[in-house]
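Remarks on the structure that follows.
Chain A is the first sequence line, chain B the second, and so forth, proteins listed ahead of strands; every chain is numbered from 1.
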There are 2 protein chains.
Amino acid sequence: MKQKSRSLPFDLHGLEIFLSVCDAGGMAAAAQELGITQPAVSFAIADLERRTGAALFDRKVRPLALTLTGSLMRQRASSLLADARQIPPMLRQVKLGKVALIRVGLVDSLSRAATVPLSNYLAEHAEEVSILSGLTAAHASELLTRRLDLFLGVDDLEETSGLERWEIMREPYVLLLSRSERRPRAVEDLIELAKSRPFIRFSARSRTGLEIERHLRRLGVEAAQSFEYDSPFAVAAMVASGRGFAISTPLCVAEAKFTNKELVTWPLPGPIVTRKLSVVARFRELGKIPRDVAEVAKSAFAPDLLKN
Amino acid sequence: MKQKSRSLPFDLHGLEIFLSVCDAGGMAAAAQELGITQPAVSFAIADLERRTGAALFDRKVRPLALTLTGSLMRQRASSLLADARQIPPMLRQVKLGKVALIRVGLVDSLSRAATVPLSNYLAEHAEEVSILSGLTAAHASELLTRRLDLFLGVDDLEETSGLERWEIMREPYVLLLSRSERRPRAVEDLIELAKSRPFIRFSARSRTGLEIERHLRRLGVEAAQSFEYDSPFAVAAMVASGRGFAISTPLCVAEAKFTNKELVTWPLPGPIVTRKLSVVARFRELGKIPRDVAEVAKSAFAPDLLKN
DNA sequence: CTGCCTGTATAAACTTTTTTTATATGTACT
DNA sequence: AGTACATATAAAAAAAGTTTATACAGGCAG
C-alpha cells in the first residue's frame, strides 16, 4: 500500500517554469530566460500537465496559447509564488527589543467595540499609538517580524514558543440568514440549504474563514456558488441583501451593525464550534501591558454581548 | 559559472515534510506519517535549514521545539500549502464547465457602499467572487503579482504601464471634529488646534494617510501626540469619542456611519486637496468588466453623497 | 499543394537530488 | 552513569531532472 502519491501534483520549481513560459510567450524563449535548455522546459510543462491531468496550453495554435484551465493556473501559480517569495526575507527579519511607539493589530471583528477603549488605555503607555485592522494571519506574522508589538485576534491552537497569550473571550460560530430564510435545524437542512443558496464566506486568508471551511467539510456540506470576503461587514451585508447565507460569529455580526430586521442568526446545526479571541504578544517584552489589554478588551465588549 | 541558484530556497515537498514534523512533534513520527524513512525527513529538514540559512528547530531541547524563526516558517508554510492545495480542485472545476474566479480589492472607504452592488454585478460573470478589503497600497502590488484581478481604490499618481484605470469619483479631504470643537477657519487655527489636541491619523501605510501627512507638512501643521489607524471607522470613532481631531473624506465618514450629532466635518483650511478613486486592472485582461465595475461603483454611492 | 523555417516533442545518456539501509551520536529520564 | 528513545551522518540505491541529438508539427511563401 505504499502509494507514492504526493499530495500535490506540482512543486514551486515547476510553477516557475510554467510562469516563465506564460510570460515569455513560448517554451524556447522561457528556456533562454531561465538558463536551461528547451527540452527541459518542454518536459517540465508536460509533467505539470500530466500530474494535474489538465491541458494548460493549446498546441494546435502557433503563438502557444493558454487554455482556460491554463489561465486559471497562471493566476493561482503566480499568486502562490508571490507568497512564497515573501517568506525568505521574513525569516531573515526575525533574526534581528517605557515604549515610544506601540503598534497593535486588531482583528476586524473587534474593531468597533475595542478601538476606542484600547486607544485610551494605550495612550497612557506610549507617545504614539498605531492600531491596524486586518486579518489575524497577517498580524501573527507581523508580530514575529516585529512590525507589530501586540495583536488581538483569533488564537492559534498551536502553542508557538516565544509568545504570550491572554484570553479575551470565546464565542460560538453561528448561522447567518436573511430574514426570509427558514431555520435549518439539522445538518441535513444545512446541506440542503447549501445546494440551493450561494454560500457567503470569509476569505480563506483569514483564520476564521479556514476554520469555517474545515468545519463544513467535516459536516459534509458542499456549497454551490460562493462569494468570498475578508471583512465581517461585507459578509453580513451580502446576507442582508438576500444573496445567500453565511457562517459567522456574534461579534462579527455586531461589528457590521445590522439589525434583526435584516438578518437572523441561528445556532449552527451539528457539533458546537467556538473560536477563541486572545491578546498575543512576544513573550515578556511588554510587561503587564498585554494582560491589561486583555482586560480592557474584555470589559469593552461585555455590554455588547448582553444586548444580543 | 553554473550557479545552481534556484530563486527559491525551498519547494512545496520540503515544506510538507517540515509541517509534518511540526504537527507530529518529531521527525521519526513525521516519517511514519508520511510513509518515508526517518533519515529522509532529517535530511529534508537539514536541507531546508541550510538553504534558508535559518535554524528552524531547537535541537538542544528534547520534545523538539520550534525556534521563533521556525514558528514563522510554520505559519507561512502552512498558509502557502493551504493555497497550493486549493489549486488542483479548481483546475478540475474549470474542465467541468464555466468557472471563473474574480478577485477584487476594495478600499475600506468604499466597502459599505459598494460591496453588495459589486457582488451582484460580478456574480453574473464568475462562479466565484472574492472581495478583499484593505489598503490600496497592498492591493496595487497584489494586482501586479496577479493575486487580485481588479481593485477599487485611491488612484496612484504615477502611471504604471500595463494597467488600465477607470475613474469612479473625486472627493475633497475634510476636517473631522467632535461636536464640541469650534471650526478652524484659517490655517493658523488649524496649527493652533494641532498643538492642543491629539491628531488622529490614517496609517502611513495607506495612500490616503501619506497624502494627508504631506499636506499637513506643507501647511506647517505639527501634531503633538498622535494616534494612528488604518480603518476609516477607527479614525471616526476616536474623533467621535472626543479624543482628538482628524482629516478624512466624506466617503470615509459615511463608511463609519456616525451621525452629525457625534461628529462634524468642515472644509479643510488652505488649498483644496482631493483624492481620486478609480478602478484599476491589468490592461485588457478582463474585457469590459473594469469599465462596468466603475459604472456600478459610481451609481452605488451616488445616493450616499446626496445625503450628506 | 509543397517545401522551408521556426518552434515543440521525444529518446537515450548523463547529472543531480532524494531516499534508503546501516550506524553513530545525542538528549532526557531513572 | 546507564538506558531508552530520537536525531544525525555515511554510503549505496533509486528517482528525478537535465542535456544532447533528433524527430515531428504548425505556419507561411512560393
Side-chain angles (χ1 to χ4, degrees), chain A residues 1-67 70 73 161, chain B residues 1-67 70 73-74:
Chain A
M1 276 292 104
K2 272 284 130 79
Q3 51 169 358
K4 176 89 256 174
S5 86
R6 278 170 169 27
S7 70
L8 283 168
F10 46 73
D11 63 19
L12 297 177
H13 189 206
L15 295 184
E16 278 186 304
I17 294 178
F18 169 70
L19 286 180
S20 265
V21 175
C22 294
D23 293 339
M27 302 208 192
Q32 188 162 20
E33 200 170 89
L34 292 166
I36 59 179
T37 58
Q38 172 268 313
V41 174
S42 180
F43 185 87
I45 298 297
D47 199 47
L48 190 60
E49 288 183 315
R50 187 178 51 72
R51 301 210 294 203
T52 58
L56 265 19
F57 290 101
D58 184 358
R59 266 80 164 190
K60 293 274 125 68
V61 118
R62 216 28 174 185
L64 212 58
L66 279 169
T67 61
M73 181 57 133
S161 61
Chain B
M1 268 282 114
K2 269 283 134 77
Q3 55 166 357
K4 180 91 258 173
S5 90
R6 275 168 174 31
S7 71
L8 282 167
F10 47 74
D11 62 19
L12 295 178
H13 190 206
L15 296 184
E16 277 188 302
I17 295 179
F18 169 70
L19 286 180
S20 265
V21 175
C22 294
D23 292 339
M27 301 206 191
Q32 188 162 22
E33 200 170 89
L34 292 166
I36 58 179
T37 58
Q38 171 268 314
V41 174
S42 180
F43 185 88
I45 298 298
D47 198 48
L48 191 59
E49 289 183 314
R50 185 179 52 71
R51 300 210 293 204
T52 58
L56 265 21
F57 290 100
D58 185 358
R59 266 79 164 191
K60 293 274 123 67
V61 114
R62 212 31 178 195
L64 210 59
L66 280 167
T67 61
M73 182 56 132
R74 181 186 190 176

Below 4.5 Å, heavy atoms only, C-beta onward: do [X] and [Y] meet side chain to side chain?
{"X": "Thr67(A)", "Y": "Met73(A)", "result": "no"}
{"X": "Leu34(B)", "Y": "Ile17(B)", "result": "yes"}
{"X": "Phe10(B)", "Y": "Asp47(B)", "result": "no"}
{"X": "Ile45(B)", "Y": "Glu49(B)", "result": "yes"}

Atom-pair distance ([atom1] on [X]; [atom2] on [N]), nearest Å:
{"X": "Leu34(A)", "N": "dG17(D)", "atom1": "CG", "atom2": "P", "value": "15 Å"}
{"X": "Leu48(A)", "N": "dA9(C)", "atom1": "CG", "atom2": "C1'", "value": "16 Å"}
{"X": "Arg50(B)", "N": "dA8(D)", "atom1": "CZ", "atom2": "P", "value": "14 Å"}
{"X": "Phe43(A)", "N": "dT22(D)", "atom1": "CZ", "atom2": "P", "value": "21 Å"}
{"X": "Phe57(A)", "N": "dG7(C)", "atom1": "CZ", "atom2": "C1'", "value": "14 Å"}
{"X": "Gln32(B)", "N": "dA6(D)", "atom1": "CD", "atom2": "P", "value": "10 Å"}
{"X": "Ile17(A)", "N": "dA9(C)", "atom1": "CD1", "atom2": "P", "value": "13 Å"}
{"X": "His13(A)", "N": "dG17(D)", "atom1": "NE2", "atom2": "P", "value": "9 Å"}

Looking for any heavy atom pair under 4.0 Å, which part of the strands does Ile45(A) touch: base, sugar-phosphate only, or nothing?
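If one applies the 4.0 Å heavy-atom cut-off, Ile45(A) turns out to touch nothing in the nucleic acid.
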What nucleic acid atoms does Ala28(A) come within less than 4.0 Å of, heavy atoms only: base, sugar-phosphate, or nothing?
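Answer is sugar-phosphate: Ala28(A) comes under 4.0 Å of backbone atoms only.
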Counting just side-chain N and O atoms, does [X] come under 4.0 Å of either OP1 or OP2 of [N]?
{"X": "Thr37(A)", "N": "dT18(D)", "result": "no"}
{"X": "Ser42(A)", "N": "dA9(C)", "result": "yes"}
{"X": "Arg59(A)", "N": "dG26(D)", "result": "no"}

For dA6(D), does the base pair up with any side-chain atom of Gln38(B) as donor and acceptor (N or O, under 3.5 Å, distance only)?
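Checked by distance alone, the answer is no.
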Between the side chain of Gln38(A) and the main-chain N/O of Ala28(A), is any donor-acceptor distance below 3.5 Å?
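Not a single qualifying donor-acceptor pair exists.
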Nearest to the side chain of [X], heavy atoms from C-beta on, is which of [options]?
{"X": "Ala40(A)", "options": "dT8(C), dT20(C), dT19(D)", "answer": "dT19(D)"}
{"X": "Asp11(A)", "options": "dG17(D), dG26(D), dT9(D)", "answer": "dG17(D)"}
{"X": "Met27(A)", "options": "dA9(C), dG26(D), dT21(C)", "answer": "dA9(C)"}

